[in-house]
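All values below come from the heavy atoms of this structure, side chains included, with hydrogens, waters and symmetry mates left out. A note on names: the letters A, B, ... follow the listed sequences, proteins ahead of strands, and every chain is numbered from 1.
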2 protein chains.
Amino acid sequence: MRGPVPTLRDVAERAGVSPTTVSRVINASGFVSREARAAIRQAIDELGYVPSASARGLASRHTAMVGLCLPVVDADTDLADRSDRRPPPRVPGLPGAETVPVVVDTDPEAIISWGGMYFGEVVRGAEFAAWEAGLAITVAMTRAPDLEARVLNMAGRVDGMVVVSGTLPDDLLEHVARRVPVVILTGLGPESAHDRVTVRNAEGVERLVEHLLTDHGITSLEYVAAPEGTPDDEERFRGFCRALTRAGIEAPAAPRLRGDWERGRGREIARGLVDGLGRGGTLPGALVCCNDNTALGLLDVFAAHGVRVPEDVVVTGFDGVEAARTSAPPLTTVEQPMAELGRAAVEVLTARIAAPARRAATTSLPVTVVLRGSCGAHPPVGVDGRAGEDPA
Amino acid sequence: MRGPVPTLRDVAERAGVSPTTVSRVINASGFVSREARAAIRQAIDELGYVPSASARGLASRHTAMVGLCLPVVDADTDLADRSDRRPPPRVPGLPGAETVPVVVDTDPEAIISWGGMYFGEVVRGAEFAAWEAGLAITVAMTRAPDLEARVLNMAGRVDGMVVVSGTLPDDLLEHVARRVPVVILTGLGPESAHDRVTVRNAEGVERLVEHLLTDHGITSLEYVAAPEGTPDDEERFRGFCRALTRAGIEAPAAPRLRGDWERGRGREIARGLVDGLGRGGTLPGALVCCNDNTALGLLDVFAAHGVRVPEDVVVTGFDGVEAARTSAPPLTTVEQPMAELGRAAVEVLTARIAAPARRAATTSLPVTVVLRGSCGAHPPVGVDGRAGEDPA
DNA sequence: TTGTAAGCGTTATCAG
DNA sequence: CTGATAACGCTTACAA
């Protein structure tokens with residue numbers, strides 16, 4: 001039901017021309033007579049011919065495809081787990097309605113998959129840029145088994161790769177980079193031979209803290225960091241310090257609170273603070289977190305223990321994940337332009353592919369400070385957040 | 001800075017073996033002595049060798065990659081638009097914090113990108129299944145210009161494709177299918193030569209309506225359909241009718257209300273109903289919509305005109321998009337397992353690739369009726385939806 | 001366990 | 001405008 005697939009040669013024979021001419025019309029290169037073109041077009045349709053990308057790639061030495069290496073995110077684990085307990089759910093055929101479960105609501109804290117939409121957006125932006133450049137895109141989450149084999153496999157089928165910072169061991173990254181150009185997505189780290197696309201981490205936090213200082217009159221702030229050695233986090237902390245220093249407040253030499261980007265660890269930190277409270281400790285005026293997840297974790301525990309946000313303590317995040325919009329209270333944060341990150345990364349990559357010799361550069365995308373309830377009231381905000389809407 | 005890339009032959013020479021042997025270790029096929037293997041491994045590292053997927057594909061006649069054709073969704077337009085007004089935002093280098101805009105909240109109705117997360121989830125599931133099968137995955141949104149060229153291009157570089165129903169013209173789809181196996185995602189339509197993966201549309205709505213009938217005692221229901229000729233919608237309507245008929249209520253021959261899957265059209269429909277109300281018309285007990293977007297549109301307008309949901313009219317959706325969880329009131333809906341759809345589609349595809357001759361089949365995934373505020377109160381639901389959570 | 005040789009389907013380089 | 005012809009880098013019988 002799908003015999004030997006027709007080749008360019010078959011098309012040529014059928015159209016009564018040479019393979020070269022067929023190649024010309026496929027690639028819209030060079031001049032071909034009207035008749036030849038018509039005959040070839042017809043032959044292609046009749047034969048159902050589709051050019052082989054492998055053959056093209058081999059002959060032309062480029063694949064017209066870029067790759068995207070994403071980190072595995074939490075929700076992915078669910079997918080893996082599910083494979084064990086899945087026997088019943090999927091059934092061929094069309095059974096009755098009795099098999100449809102009815103549940104009341106869903107876990108309101110259910111993970112919004114794929115990193116709270118984060119990487120889905122990156123993919124979307126990257127796909128868009130690739131499309132604009134006439135390139136195909138391949139995506140992979142860098143999972144544990146066979147990481148090296150899989151990544152090299154991708155490297156072998158693309159003209160360039162976008163790699164999210166920290167997803168690949170250094171040696172693997174360099175191996176890949178010997179073959180194709182690589183663009184690192186976020187994370188400034190030490191100077192590097194590769195192009196980088198990042199966001200204005202420091203400036204974002206600096207501006208946010210400025211707001212807390214100036215508009216809310218908060219004077220005692222604490223930064224909740226990520227694990228040591230994370231470039232993005234370090235930049236954010238730098239922005240935090242800069243704002244303090246500029247306001248004449250002494251900045252700490254290093255973060256005093258450290259999480260791990262995850263909500264669970266954020267909760268633990270909050271529990272520690274609440275405990276401290278019981279032993280006579282005090283809360284700072286504001287807790288500026290390295291990311292939204294951590295901040296949401298704080299919120300969870302504060303709510304459970306009667307610590308009021310923002311009255312007792314202000315909490316802020318970084319990223320702009322969906323969950324931050326609907327938390328209680330909604331989270332003030334620094335929003336990253338995720339889709340733009342994906343898009344910019346691919347644009348930088350295509351530029352690099354076109355000009356391999358130019359020296360590596362870093363592109364910084366702007367961020368936006370988004371004010372919500374977790375840092376206090378702001379006049380323009382409607383009570384239900386629906387101000388300004390006019391659906392009727 | 002990236003001279004002629006090393007080939008398998010280079011590795012062979014350096015390791016003092018034949019190309020065949022190198023091929024064997026790369027593919028972990030056949031037997032190779034310890035020494036040979038070690039020498040080859042070392043040569044690979046030193047040379048920074050990466051196998052060419054093009055050459056492999058050409059020689060082996062398969063690419064170890066599957067493709068995914070997604071429809072373009074609303075938010076994508078944003079991306080395209082933005083390219084015009086983008087001059088200022090992106091700046092190389094690291095400017096100061098003054099350049100960071102501060103905004104109060106965001107448009108609460110802002111589109112949650114990529115089809116309300118819908119297709120992001122499909123991609124995630126598909127990527128997972130592909131990974132399990134040792135395949136790479138390439139994704140494309142089927143955009144207007146050059147659709148045919150781009151799709152055939154994809155067809156030429158994969159071993160099989162998953163195509164979301166309705167994204168490709170029939171003739172293009174058939175052209176593609178002559179080359180590689182195709183799996184259609186959702187949409188039952190007329191019998192087809194291709195494998196299909198869909199959800200239990202009819203059963204889901206049937207169960208939902210049963211709930212409205214039985215648990216809420218509603219007796220007058222109206223189905224809000226999608227444009228005519230949409231298989232998924234027709235199935236949902238069938239489920240609607242089946243539930244009514246079983247309850248002894250006469251089912252309409254055809255939907256009396258028709259939207260177009262979009263929120264905007266949902267609003268128009270609601271405006272029509274509200275107008276009718278002014279002219280002495282009445283509202284049905286429940287409006288069962290073909291999808292969440294349409295239902296959310298109804299909600300928008302009802303809220304603006306003082307029509308209370310669920311007191312004056314019950315509204316339900318289908319899909320389970322994120323926005324349905326946070327609408328006012330939260331929307332009762334039939335949830336589709338999006339990630340599972342993507343995963344199942346790729347699994348069916350790999351099975352088909354392995355057994356091209358087997359006849360085409362349809363796989364139906366289970367759905368879940370999720371009860372929320374828009375159809376009335378349900379005992380187990382906490383006021384703030386946080387019941388059962390224990391973050392502390 | 002290893003090697004030889006013949007392609008795989010295109011593109012690219014030259015000549016017409 | 002068109003057509004030979006030689007790669008492109010790897011897999012795969014087949015042979016040793």
Interatomic distance where [atom1] belongs to [X] and [atom2] belongs to [N] [whole Å]:
X       : N      : atom1 : atom2 : result
A:Ile44 : C:dG9  : CD1   : C1'   : 14 Å
A:Asp10 : C:dT10 : CG    : P     : 9 Å
B:Arg34 : C:dT1  : CZ    : P     : 11 Å
B:Leu8  : D:dA7  : CG    : C1'   : 17 Å
B:Arg9  : D:dC10 : CZ    : P     : 10 Å
B:Ile40 : C:dT2  : CD1   : C1'   : 10 Å
A:Leu58 : D:dC10 : CG    : P     : 9 Å
B:Glu35 : C:dT1  : CD    : P     : 10 Å

Which of these nucleotides, [options], is closest to any side-chain atom of [X]?
X       : options               : result
B:Arg24 : D:dG9, D:dC10, D:dC14 : D:dC14
B:Ser23 : C:dG9, D:dC10, D:dT11 : D:dT11
A:Thr20 : C:dT13, C:dG9, C:dC8  : C:dT13

- Audit row: A:His194, A:Arg352, side-chain contact (heavy atoms from CB on, under 4.5 Å) steps and yes/no: CA-CA 10 Å; A:His194 312 299; A:Arg352 160 71 48 205; over 6 Å; no

- The residue, B:Val17 or B:Ser60, whose nearest nucleotide of DNA chain C is more 5′ is B:Val17

Would you say a side-chain N or O of [X] is under 4.0 Å from OP1 or OP2 of [N]?
X       : N      : value
B:Ser33 : C:dT2  : yes
A:Arg56 : C:dT11 : yes
A:Thr21 : D:dG3  : yes
B:Arg61 : D:dC10 : no
A:Ser18 : D:dG3  : yes

- Can you tell which of B:Leu349, B:Val162, B:Val139 makes a side-chain contact (heavy atoms from CB on, under 4.5 Å) with B:Val66? B:Leu349

- Hey, is CG on B:Asp171 packed in by over 12 heavy atoms from elsewhere, all under 6.0 Å? yes

- Message: Is it the case that over 12 heavy atoms from other parts of the model lie below 6.0 angstrom from the CZ atom of B:Arg9?
- Response: no

- Message: Could you go through A:Arg124 and A:Glu127, starting from their C-alpha distance and side-chain angles, then the distance that decides it, and tell me whether this counts as salt bridge (charged side-chain N to carboxylate O under 4.0 Å, His left out)?
- Response: CA-CA 5 Å; A:Arg124 199 170 63 91; A:Glu127 193 276 342; over 6 Å; no

- Task: Indicate, with a heavy-atom threshold strictly under 4.0 Å, whether A:Pro51 touches base, sugar-phosphate, or nothing.
- Result: sugar-phosphate

